[in-house]
Structures are given as structure tokens and as C-alpha cells.
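What follows is a short report on a single structure.
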2 protein chains.
Amino acid sequence: MAIEHKTRTQLVAEAIREKILTGEIKAGDPLRQAALAAELNVSRIPVREALLQLEAEGLVNFEAHKGATATELSASQIDEIFDLRALLEAELLSHSIDGLTDQDLIDAELILTELESAMDAGDTHLATGDLNSRFHGKLYSRAQRPQTRELVDMYSKNSERYVRMHILLAGGLTTAPEEHRTLLNHCRAKDTKKACDFLKKHILGAKNDIKKLLLKIEDEKR
Amino acid sequence: MAIEHKTRTQLVAEAIREKILTGEIKAGDPLRQAALAAELNVSRIPVREALLQLEAEGLVNFEAHKGATATELSASQIDEIFDLRALLEAELLSHSIDGLTDQDLIDAELILTELESAMDAGDTHLATGDLNSRFHGKLYSRAQRPQTRELVDMYSKNSERYVRMHILLAGGLTTAPEEHRTLLNHCRAKDTKKACDFLKKHILGAKNDIKKLLLKIEDEKR
DNA sequence: ACATTGCATTTAGCATACATTATACTCAAG
DNA sequence: CTTGAGTATAATGTATGCTAAATGCAATGT
């Protein structure tokens, strides 16, 4: 295994992405190239290139001569993104479900139990989001649709900070864990239609929770 | 109206994009930063940044320390991209169709007649692709789904060179113009289901044509 | 008091120069 | 003849510094 040589640009991109996802950089905040460069001990070039990458990921807005800002997602944008996720993830699942092996299903269940015990332990942040996306990822793993997968990953990354915010403010995921169990069972039964329909509902349900929260926050600003 | 100041990066990106779409740069070709910089009379910095943008658009692969190449789409990737397009464009249309005004429909029809006369005149290249995407764009114009729209635009840009290739080699679009008429009629009737189903078939039909061509080319390489 | 123009400051865009990595080639050893 | 280490070369990655655009502020005139 060759040691991998990460470029400064990649490291900087990771650093900034993390800052945005954790909320250290809030939506709308300007991202000054010089400040970031100084903070991370690099020149402005890798910072610029990292910002360009993050723009492609939808995490920052980059305006010529004006600078970059962390993207601010309005309630209507959240709406659209989750609709897209429902559409794309159902598509992925439909292509993956028949290829899922028994081992895959066991793995998925293991992740689920881990997720449940993490929630019982009151682990509201980090772990739950990660485990959640690992569970979904497992179910999509046999889809052989790399581009679709990439899209889905991008959008879930982008929604992550809002999910985290929601977990923080609402004190946990409101979407019950048994929803995941139900989904898993549909997959076990290889019932494509039921599984995909349920998945869509599952995602759209999460959307509504987050949207409510966001609308409340948008309101409070006035 | 303020004059718009295009940055060198943007200009370079447009130049390279055009080279790729017209086929001047063929799939798989390496893109040397220094050569492009010299050719376009800029330094390597804007070239690098342009290449990063093009990577986000899926036109270029950028590998650290190895350089950039024009992306090479295999038959299976074409397959996936067109599936995605069918899914996303149907989604867009479903959100747009009820909002389409009479004027929109007239505009769409005008574009169609223009397209038809261009094809009659034997204009195999440029115009047809552009008019085609303008027609589709018109139908989606009331969707109020900016992110979805952006995705769709990205993917049609990315497929464009293959469509052009197909037009060149097969001597024209095989998808008959009356398909567009049929689609337009469904939209006039505000028959969402029929319109979307037909649109999907329309896109998947184009997919199969192009895939056949691509498989033949891939075969001939052996 | 208000708008407007011009200047100063800040910040982004870009060119040049240097550092680092990957690759092709040479040459020696097995 | 093949293989492998080492070196040369060419390409990419990054730092530094200069240029140009945008923003804020002050001064001037109405």
C-alpha cells in the first residue's frame, strides 16, 4: 500500500469543510482567503483551490472579486434538496436491493444496533449522523451506480449540518429507529416497491422536521 | 446595466470546455497546464482553477501530481447518466407543467419549428443541439427547482459531446422530430403523467442510440 | 440634510519563481 | 535477458508579491 500524499489543497478543503459542517463557520459567514491561509499555515493558492472545490460541493458560494461565503440554505432549498435525495436514493436502492447479500443485511443490522445503543447512551451528535449514513450506504452498496452514488453522498453531506442542528435543538432524531428496522425488513424480503416507497417517506419525513425548524428560525430573525 | 468583468479563470474554463465539447480535445487526452497557459496567454494559476471547475462539471478528471485528462465516458457511464437525466428531467417537468403559460407553449413551439427547419436545411451540428436543449429548457422553465435544474443542465452539457458525435456519425438525430411534438401536446393538455412518461421514454431512446454507437466504437478498439 | 465624486483601504485575481512529486531512462547486478 | 536501483526530466503543487477590482469613507457641492 502506497502512502498517500495529500496535497495542501485537499487538507485545506477538509479543514474548511469540517468547520462548516460542525457549525464553527455558520451559514452566510464570509471566508477570507488571507485569514484562512494564515490560520492553516499555507499560502492563499491552496485556500483558493479548496474553496473552489467546496463550491462544487455546494458548501460555499464563490463570487468573483467579492469572496466566498458559506452557503445559506433557505427552507425552500432544503425542500428541494430532500426531494432530490428521496428521488435519487430510492433509485439507488432499487438498483441495489436485489444484489444485497445476506452478509450485507447482517452488516446493516449491526450498524443499526450500534446506532440504537448510541442513541440510548444519549450520543446526540457525531456518531448518530455517521452511523445513519453508513446504514443507508450499506443498503445502496450493490447498486453499481457510481455517479448516482456520488450525487447522493454530496447531498447528504450538504444536509448534514442541518440534520446536526436539528439533533441539537430538538434533542435527538425524531425519526424513530423502528423506521430503519422496517426498511431493512423490506430489503430482506426483496420487496423493491415497498422498500423504495418507504425510503422516500422516510426521507421526506426527515425533511419536514428540519423544514419546520428552519422556518421557525427564519421567522425569529424578524 | 453594469458591464460584466469576466475573470481569466472563467474565460479559460469556457475555452477549454468548448474544446472538449467540440471534440477538439478528445476523451482521454491529457490537458497540460503549461501548454494551455501558453496557448491562452495566461499563467498556470487560472488554468488550474479552470480545470478544477471543469472537474466539478464532470468534463475533466483531475488527479493530484498526475495532471488532468478529458473524461472518458464508458458505455456503462453513459447508461447511468441518461438514466439520471430521465429521472431528473421528468421530475422537473412534473413540477413545471402546471405553471406553463400559453406564451411558454408558443415559445416552445417556435423553437421546435426552428429546430425542424434547421434539420431540413441539413444543419447537422451546432444548432440542433442548442435548439434541442432550449426546447427542453423551456418546458422546465416553471419548475422553480433551481438545484435540480442545475443538475440537469450539467448532465446535458456532459452528454452533449456524445450527442454531437452521434449526429456526426449517424448523419442526424435519429429521434424523430414528431416525438417533440407529441411531448409538447401532452404539456398543452397538462397531462402530467403522460408527459413525464413520454419524456422518460424519449430520453432513454436517445440513450440506446448513443450506447449502441459507443459499444461499436469500444469494440473497434480491439 | 442629502447625494455624489474621488480617494484610501481591503480583498481578490493573477504572474513569476521555487519546491515537490511522478515518470522515463540509464546502467549495473543477478 | 530481465530486473531493480538510482538519477534525470518534465510536470504538477505552492509561496511570494504585484495588479486590479470592490467597498467604505470623507469631502465637496447642491
Side-chain angles (χ1 to χ4, degrees), chain A residues 1-20 24-72 150, chain B residues 1-20 24-72 150:
Chain A
M1 180 68 185
I3 56 159
E4 56 182 285
H5 253 121
K6 290 208 176 174
T7 66
R8 292 206 190 338
T9 297
Q10 291 170 311
L11 293 171
V12 170
E14 283 171 25
I16 300 177
R17 184 174 19 238
E18 207 53 27
K19 279 177 193 291
I20 294 177
E24 181 179 341
I25 295 175
K26 285 185 287 288
D29 284 359
L31 302 167
R32 303 273 165 233
Q33 299 175 5
L36 289 167
E39 182 184 337
L40 301 169
N41 268 304
V42 295
S43 79
R44 280 172 40 228
I45 299 289
V47 173
R48 283 180 62 80
E49 298 190 350
L51 289 174
L52 282 176
Q53 281 198 213
L54 294 173
E55 192 199 24
E57 295 174 23
L59 289 175
V60 311
N61 273 350
F62 202 106
E63 247 179 312
H65 296 291
K66 296 201 178 173
T69 56
T71 52
E72 200 153 12
E150 203 178 319
Chain B
M1 183 65 186
I3 55 161
E4 57 181 283
H5 252 268
K6 289 207 177 174
T7 66
R8 292 200 189 342
T9 297
Q10 290 171 311
L11 292 172
V12 171
E14 282 171 26
I16 300 177
R17 183 173 22 239
E18 208 53 30
K19 279 177 194 288
I20 294 177
E24 182 179 341
I25 294 176
K26 285 185 286 291
D29 283 0
L31 303 167
R32 303 272 167 235
Q33 300 175 5
L36 290 167
E39 183 184 336
L40 301 169
N41 269 305
V42 295
S43 79
R44 280 172 44 227
I45 300 290
V47 173
R48 284 179 62 79
E49 298 189 352
L51 289 175
L52 284 176
Q53 279 197 216
L54 294 174
E55 192 199 23
E57 294 174 23
L59 289 174
V60 160
N61 271 351
F62 202 105
E63 247 178 312
H65 298 290
K66 296 203 179 172
T69 56
T71 51
E72 199 152 13
E150 203 178 319

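Computed from a predicted structure; not experimentally measured. For the numbers below, each heavy atom of this structure counts, side chains included, while hydrogens, waters and symmetry mates do not.
Between the side chain of E14(B) and the backbone N or O of L11(B), no donor-acceptor pair lies under 3.5 Å.
Proximity of L54(B) to I16(B): side-chain heavy atoms (C-beta onward) are separated by under 4.5 Å at one or more points.
The distance from atom CD of Q53(B) to atom CD of E55(A), rounded to the nearest 0.5 Å, is 6.5 Å. Expressed to the nearest 0.5 Å, how far NZ of K26(B) lies from CD1 of I20(B) amounts to 12.5 Å.
For DNA chain D, none of the residues of residues 50-59 of chain B falls under the heavy-atom distance limit of 4.0 Å.
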Strand DNA chain C in bracket notation, Watson-Crick/G-U under 3.5 Å with | for pairs to another chain: ||||||||||||||||||||||||||||||

From CA spacing to verdict: side chain to side chain contact (heavy atoms under 4.5 Å, CB included), D29(A), T69(A): CA-CA 5 Å; D29(A) 284 359; T69(A) 56; over 6 Å; no

Contact pattern, 5' to 3', of nucleotides 5-16 of chain C - B, S or - by protein heavy atom under 4.0 Å: ------SBBSBB

If you look only at distance, which donor and acceptor atoms sit under 3.5 Å apart when one is on a side chain in residues 56-68 of chain A and the other is two or more places apart or in another chain?
{"from": "E57(A)", "atom 1": "OE1", "to": "R17(A)", "atom 2": "NH1", "distance (Å)": "2.5"}
{"from": "E57(A)", "atom 1": "OE2", "to": "R17(A)", "atom 2": "NH1", "distance (Å)": "2.6"}

Using distance only, find each side-chain donor-acceptor pair of residues 34-46 of chain B under 3.5 Å and give its atom names and separation, not counting sequence neighbours.
{"from": "E39(B)", "atom 1": "OE2", "to": "K19(B)", "atom 2": "NZ", "distance (Å)": "2.7"}
{"from": "S43(B)", "atom 1": "OG", "to": "I45(B)", "atom 2": "N", "distance (Å)": "3.3"}
{"from": "R44(B)", "atom 1": "NE", "to": "Q33(B)", "atom 2": "OE1", "distance (Å)": "3.3"}
{"from": "R44(B)", "atom 1": "NH2", "to": "Q33(B)", "atom 2": "OE1", "distance (Å)": "3.3"}

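Considering all non-hydrogen atoms of both residues, V12(A) and A50(A) come closest at CG1-CB, 3.6 Å.
By the salt bridge (charged side-chain N to carboxylate O under 4.0 Å, His left out) test, E18(A) is found to be paired with no residue, residues two or more places apart in sequence or in another chain being considered.
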